[in-house]
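When reading the values below, keep in mind they use all heavy atoms of this one structure, side chains included, and skip hydrogens, waters and symmetry mates. All residue numbers refer to positions in the sequence shown, counting from 1.
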Amino acid sequence: MKRSHLALAIAIAAGIGAMTLAGDDAPDKGKPTVKPLSTSDIAEKVDGKKSKATTVEVTLEPGQVGTPHRHPGPVFGYVLEGEYEWAVDDNPAKTLKVGDTFYEPTGCLHRVSKNAGKAKTRVLALLLVPQDAKELSIPEKPAK
């Protein structure tokens with residue numbers, strides 16, 4: 001897909017699409033709240049497949065930590081409120097603040113997802129996935 005078409009798809013999906021960033025958290029801290037905002041089939045294909053865009057708002061209370069997971073398509077995120085500690089694959093963790101953005105390539109390991117501050121954190125996330133994807137967030141199996 002041409003970059004201009006992908007950029008257009010992302011812009012359109014940001015207004016009408018919706019994604020799931022979820023994961024189990026430390027038992028004493030509860031789970032982040034994932035609020036679906038919208039889902040929309042998109043005309044453009046991603047990796048040659050019919051696709052959809054899903055957008056969600058993820059809220060983490062202070063100290064909440066998500067479990068490692070993967071997504072069947074690319075993820076684009078934006079920190080709306082608070083501080084968000086984030087890392088994929090073997091990259092070092094970064095603390096993102098309001099206005100910061102992040103990108104997760106298809107299938108990468110989202111290994112760090114944590115509220116790094118003392119106040120609530122809210123993240124807006126957009127995921128582009130094949131229309132036939134069974135799951136939007138696939139928990140990583142623990143290493144043996």
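Taking OG1 of Thr106 as the reference point, atom CG of Leu128 lies at 8.5 Å (rounded to 0.5 Å). To the nearest 0.5 angstrom, Leu60 atom CG is 5.5 Å from Ser113 atom OG.
Shown are Lys52, Lys45, Lys49; of these, the side-chain contact (heavy atoms from CB on, under 4.5 Å) with Pro130 is made only by Lys49.
Ring to ring, Phe76 and Phe102 are not that close: their centroids are 6.0 angstrom or more apart.
Ser51 places a side-chain N or O within donor-acceptor distance of the main-chain N or O of Val46, the cut-off being under 3.5 Å. Proximity of a side-chain donor or acceptor of His69 to a complementary backbone N or O of His71 within less than 3.5 Å is not detected. No donor-acceptor pair closer than 3.5 Å links the side chain of Arg111 to the backbone N or O of Pro68. Without hydrogens or angle criteria, Asp89 side chain to Leu109 main chain gives a donor-acceptor distance under 3.5 Å.
Remark: Glu135 engages no residue in a side-chain hydrogen bond (donor to acceptor under 3.5 Å, both in side chains) (not counting sequence neighbours). With sequence neighbours left out, Thr121 forms a side-chain hydrogen bond (donor to acceptor under 3.5 Å, both in side chains) with Asn115. Qualifying side-chain contact (heavy atoms from CB on, under 4.5 Å) partners for Lys120, counting only residues two or more places apart in sequence or in other chains: Thr59, Glu61, Glu81, Arg122.
No path of Ile, Leu, Val, Met, Phe, Trp and Tyr side chains, each step under 4.5 Å between heavy atoms, connects Val112 with Tyr84, placing them in separate hydrophobic clusters.
Sorted by first then second residue, the salt bridge (charged side-chain N to carboxylate O under 4.0 Å, His left out) pairs that include residues 63-74, not counting sequence neighbours, are Arg70-Glu140.
What you find for His110 and Glu104 is that their closest heavy atoms are ND1-OE2, 3.0 Å. Residues Pro74 and Leu127 come closest through the heavy atom pair O-CD1, 3.1 Å. Of all heavy-atom pairs spanning Pro72 and Leu136, the tightest one is CD-O, 3.4 Å. Taking both residues in full, the closest heavy atoms of Ser137 and Pro139 are given as O-CD, 3.6 Å, listed atom of the first, atom of the second, then distance.
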Residues Lys114, Trp86; criterion side chain to side chain contact (heavy atoms under 4.5 Å, CB included); working and verdict: CA-CA 7 Å; Lys114 177 181 179 182; Trp86 170 87; over 6 Å; no
Side-chain donor-acceptor contacts of residues 90-99 below 3.5 Å, not counting sequence neighbours, with atom names and distances?
| from | atom 1 | to | atom 2 | distance (Å) |
| --- | --- | --- | --- | --- |
| Asn91 | ND2 | Val88 | O | 3.2 |
| Lys97 | NZ | Glu83 | OE2 | 3.1 |

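Side chains of Leu124 and Leu37 form a contact here, defined as non-hydrogen atoms less than 4.5 Å apart.
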